[in-house]
Engineer: 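Quick one: the structure is below, and I'll ask about it shortly.
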Amino acid sequence: QGTQQRVIRRFEDLHRRGVREQDVVADGDHGAGAGTGRRALKAAEDPLFRLTRSLEKPLPDLPCRTNHERRQQGAVVLADGRVLRTGGQTVKNVAGLDLTQLFIGSEGGLGFSPSAPSRLRPPPAATATFVATFPTLETGGRALNAIFASGVTPSMIELMDNATINAVEDYRRMDLVRAAALLLIGQADGTEALAQVERMAACCDEAGAKLSFATDDPAESDMFLQARRLAGWATMEQFPTVVEDVGVPRTRLAEFVTTIAEISRDTGVRIATVGHAGDGNLHPMLLLPDLGEDARRRAMETADRICAAA
């Protein structure tokens, strides 16, 4: 009971410091991504903040399966100490307001989640993976559009830009192609998984990929996915980092990654971008030299430009 009260009091303090009225107004002006960056800078060193963020993040080995798909119920500790239980245990639970997704989307801003019950699913009968590298963002964008129009059903398509590729390679040798402008990693599930990823790899080749490879070997697949899993760790372990969260139509992915690179050059803030290409969700990671006032100011200006461009 004493530990619980300390956690509640700590959360109340975090709530007062991290979610002030002016921050909410600013978030509304610039979108959800800008608010994520501001709260990260204000409370990044707070242990409870880090715990809240870790509870709400997707599992690291399932980059395309979102919390919205897995979470169906949960308990939330509100700022005044009350415990609110949301969701239900039924397979279909669509009546009324979806408070579970509201609290997930707030990323800790509306309440602290001490637990995260999740929906379990059986593993697919088979899984296959492809990887492709591209000399330009334009060729990578053409490949994505061809995949989306091909009729295949990927279970995952992830992208990493050149800055992310090099950050991962600096952090741990993965033998990634440092000169690549874009890296795509995709998967398909089911009995036709290998045929589907081979078709996706063929789309990449036709679009101008420098290299493509498809496999249904679990060890090889895991090796490819490991590079994507390391993207967040590689950046955050090496730099003070602000992670933004923006979404664009899938057909604008390559254009928007190019825009992010131009913003990086204009502001002088290094940006490494990863994303879930399957739904157009991108995570530009701003890599700061330090946490000084000037670096923080330039980071916020850069985040505002990214969100405005989306």
Side-chain angles (χ1 to χ4, degrees), residues 62-65 124-169 174-231 246-262 272-284 309-310:
L62 294 172
C64 70
R65 278 76 165 182
T127 298
T129 305
F130 85 90
V131 62
T133 61
F134 298 87
T136 65
L137 293 175
E138 181 183 3
T139 54
R142 286 203 303 265
L144 285 171
N145 291 338
I147 290 171
F148 299 146
S150 68
V152 298
T153 307
S155 58
M156 178 192 79
I157 303 183
E158 298 288 302
L159 66 80
M160 298 166 54
D161 72 351
N162 179 264
T164 307
I165 292 170
N166 282 278
V168 170
E169 199 65 22
M174 300 291 295
D175 290 326
L176 302 179
V177 181
R178 285 185 177 270
L182 197 72
L183 171 69
L184 294 182
I185 306 171
Q187 282 191 330
D189 297 334
T191 55
E192 300 295 321
L194 182 58
Q196 291 205 50
V197 296
E198 286 175 342
R199 188 172 176 183
M200 287 187 268
C203 290
C204 294
D205 291 335
E206 294 168 5
K210 189 76 172 178
L211 174 149
S212 70
F213 182 76
T215 180
D216 60 356
D217 179 83
E220 290 179 332
S221 296
D222 188 69
M223 179 181 65
F224 294 145
L225 291 176
Q226 183 65 11
R228 171 61 181 90
R229 295 182 191 127
L230 284 175
V246 294
V248 296
R250 297 188 303 182
T251 54
R252 283 191 56 209
L253 279 168
E255 170 198 337
F256 192 61
V257 173
T258 301
T259 299
I260 292 172
E262 293 170 353
T273 302
V274 298
H276 315 304
D279 60 9
N281 181 208
L282 293 175
H283 299 289

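All values below come from the heavy atoms of this structure, side chains included, with hydrogens, waters and symmetry mates left out. Along the sequence shown, the residues carry numbers beginning at 1.
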Engineer: Walk me through it: do Lys210 and Val177 pass the test side-chain contact (heavy atoms from CB on, under 4.5 Å)?
Structural biologist: CA-CA 10 Å; Lys210 189 76 172 178; Val177 181; over 6 Å; no
Engineer: With sequence neighbours excluded, give me every ring pair (Phe, Tyr, Trp, His ring centres under 6.0 Å) pair touching residues 185-223.
Structural biologist: Phe213-Phe224
Engineer: Rounded to the nearest 0.5 Å, what separates atom CG in Leu230 from atom OG1 in Thr164?
Structural biologist: 12.0 Å
Engineer: Got a donor-acceptor contact below 3.5 angstrom from the Asn281 side chain to the Val246 backbone?
Structural biologist: yes
Engineer: Side chains of Arg142 and Glu206: does their closest heavy-atom pair fall under 4.5 Å?
Structural biologist: no
Engineer: Could you check whether any side-chain N or O of Arg228 sits under 3.5 Å from a backbone N or O of Leu159, counting only pairs where one atom can act as donor and the other as acceptor?
Structural biologist: no
Engineer: Ion pair present between Arg178 and Glu169, side-chain N to carboxylate O less than 4.0 angstrom?
Structural biologist: no
Engineer: Atom OG1 in Thr139, atom CG in Asp205: separation rounded to 0.5 Å?
Structural biologist: 11.5 Å
Engineer: Just one of Leu184, Thr215, Ile185 clears the side chain to side chain contact (heavy atoms under 4.5 Å, CB included) bar with Val131, so which one?
Structural biologist: Ile185
Engineer: First locate atom CG of Asn162, then atom CG of Leu176, and finally report the distance between them rounded to the nearest 0.5 Å.
Structural biologist: 10.5 Å
Engineer: Compare every heavy atom of Met200 with every heavy atom of Pro154, then report the nearest pair and how far apart it is.
Structural biologist: CB-SD, 3.8 Å
Engineer: Mind running side-chain contact (heavy atoms from CB on, under 4.5 Å) on Glu158 and Gln187 for me, showing each step along the way?
Structural biologist: CA-CA 9 Å; Glu158 298 288 302; Gln187 282 191 330; over 6 Å; no
Engineer: What's the shortest heavy-atom distance between Ala132 and Ala209, and which atoms?
Structural biologist: CB-CB, 4.5 Å
Engineer: Show, in sequence, the C-alpha distance, side-chain angles and deciding distance for Ile157 and Phe148, and conclude whether the side-chain contact (heavy atoms from CB on, under 4.5 Å) test is met.
Structural biologist: CA-CA 10 Å; Ile157 303 183; Phe148 299 146; 4.0 Å; yes
Engineer: About how many Å separate SG of Cys203 and CD1 of Ile147, when rounded to the nearest 0.5 Å?
Structural biologist: 5.5 Å
Engineer: Can a side-chain donor-acceptor contact be found between Gln196 and Arg199 if the only test is distance below 3.5 angstrom?
Structural biologist: no
Engineer: How many angstroms lie between CG in Leu182 and CD in Glu138, if you round to the nearest 0.5 Å?
Structural biologist: 12.5 Å
Engineer: If I take atom OG1 from residue Thr258 and atom CG from residue Leu253, how far apart are they, to the nearest 0.5 angstrom?
Structural biologist: 10.5 Å
Engineer: Go through the steps to decide whether Met156 and Leu225 satisfy the test side-chain contact (heavy atoms from CB on, under 4.5 Å), and finish with yes or no.
Structural biologist: CA-CA 11 Å; Met156 178 192 79; Leu225 291 176; 3.1 Å; yes
Engineer: Would you check if the side chain of Asp161 reaches a backbone N or O of Thr273 as a donor-acceptor pair within less than 3.5 Å?
Structural biologist: yes
Engineer: Side-chain contact, heavy-atom cut-off 4.5 Å: Thr129 with Val197?
Structural biologist: no
Engineer: Would you confirm whether Asp222, through its side chain, and Pro218, through its main-chain N or O, come within 3.5 Å as a donor-acceptor pair?
Structural biologist: no
Engineer: List the atom of Val274, the atom of Ala231, and the distance in Å for their closest heavy-atom pair.
Structural biologist: CG1-CB, 3.7 Å
Engineer: Tell me whether Thr127 contacts the main-chain N or O of Asp189 through its side chain, where contact means a donor paired with an acceptor under 3.5 Å.
Structural biologist: no
